[in-house]
Amino acid sequence: MKFKIVSDSSADIRKMQGVEYASVPLHIIVGEKDFIDDENVDLKEMQKELHEYKGKTSTACPGPGDWLEAFGDADVIFCITLTSALSGAFASASMAGQMYEAEHPGKKVYMIDSLSTGPEMALVIEKIAELIQAGYDHEEIAQQIHTYRRHTHLYFSLASLDNFARNGRVNPILAKGVGALGIRIIGKASEQGTLEPMDKARGDKRAVKCILKHMEKAGYQGGKIRIAHNRNSQMAEDLAAALKEKYADASIIIYTTMALCSYYAEPESVLLGFESR
Ligand code: X90
């Protein structure tokens with residue numbers, strides 16, 4: 001039986017080893033230009049355009065046809081999308097899933113609304129891959145993932161909320177003042193899949209301390225950590241070092257955001273996914 005994991009590009013994963021995987025790109029639209037979030041996207045160019053362009057910019061999720069193409073001919077698909085509270089990705093993927101199952105009797109598409117994005121999605125995807133490789137059957141995998149997701153979280157430090165506010169995805173009042181004088185907004189993906197502010201911090205050093213404090217409050221005890229950053233390897237490394245100091249055995253991987261997360265988590269932002277007990 002052929003298993004496949006399909007996610008959208010907000011998970012910041014282009015390729016995986018040892019399992020079938022496809023990333024379906026979102027689009028970042030800057031005036032006439034359409035930046036497609038796949039391996040060919042020029043992030044430097046996108047950032048430059050975003051900086052220079054004075055008009056309205058936006059993003060667009062994949063359509064059902066894009067998802068169907070990614071499903072290929074797999075027998076069992078685990079399809080995970082970014083939060084349905086902020087994007088139409090889950091709705092369009094669900095539509096594709098229903099079409100796929102109707103066209104191919106016996107095949108199965110498991111739909112997962114991550115209610116999150118970025119490195120929390122990455123943790124769930126890694127777990128699905130582990131379970132596939134361990135040889136579990138698909139119903140067992142779905143069950144285990146359901147449980148696992150109660151123990152994963154997304155925290156972040158954002159250097160700006162402008163693109164969120166301009167696209168009507170957070171209240172503009174919240175966006176005011178973030179970024180000025182190094183003010184970071186520290187927050188998390190809420191249980192409803194929305195952006196939930198928790199704190200403000202001035203400067204990255206304080207932001208690191210603040211994130212640690214909130215992680216421990218949420219029950220962090222040394223589980224896996226994935227850190228994605230947009231042009232802020234310094235803070236990502238400081239965060240990893242602070243965590244390593246207390247949790248020497250924690251598995252931590254740092255990487256850079258792809259196009260979609262780079263658009264919303266604007267330069268100098270850091271996203272962190274972690275497992276709690
Ligand atoms: O056009 C679309 O359908 C895409 C809309 C995406 C909106 C959210 C993207 C978030 C990217 C930013 C920081 C984390 C916030 C998490 C809130 C759940 C990452």
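As the structure lists them, so they are numbered: ligands from 1, and atoms in each ligand from 1. Values below: every heavy atom of this structure, side chains too, minus hydrogens, waters and symmetry copies.
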Any N/O of Ser87 closer than 3.5 Å to an N/O of ligand 1? yes
Any N/O pair Ser116/ligand 1 closer than 3.5 Å: no
Identify the closest protein heavy atom to atom 2 (C) of ligand 1: which residue and atom is it, and at what distance? Thr59 OG1, 3.4 Å
Is a donor from one side chain sitting under 3.5 angstrom from an acceptor on the other, for Tyr21 and Ser7? yes
Under 4.0 Å from a heavy atom of Ala60: give me the atoms of ligand 1 that qualify, with their elements. 1 (O)
Of the protein's non-hydrogen atoms, which lies at the shortest distance from atom 13 (C) of ligand 1, and what is that distance? Leu271 CD2, 3.6 Å
Kindly assign one of parallel, tilted or perpendicular to the pair Tyr155 and His153, based on the angle between their ring planes and the thresholds 30° and 60°. perpendicular
In the protein, what heavy atom is nearest to atom 9 (C) of ligand 1, and what distance, to one decimal place, separates them? Tyr264 CD1, 3.6 Å
Check: Tyr148 and Leu131 side chains under 4.5 Å, non-hydrogen atoms: no
Residue-ligand contact Gly118/ligand 1, heavy atom below 4.0 Å: no
For residues Thr117 and Tyr264, is any side-chain donor paired with an opposing acceptor at under 3.5 Å? no
Thr257 and Ser262: side-chain donor and acceptor closer than 3.5 Å? yes
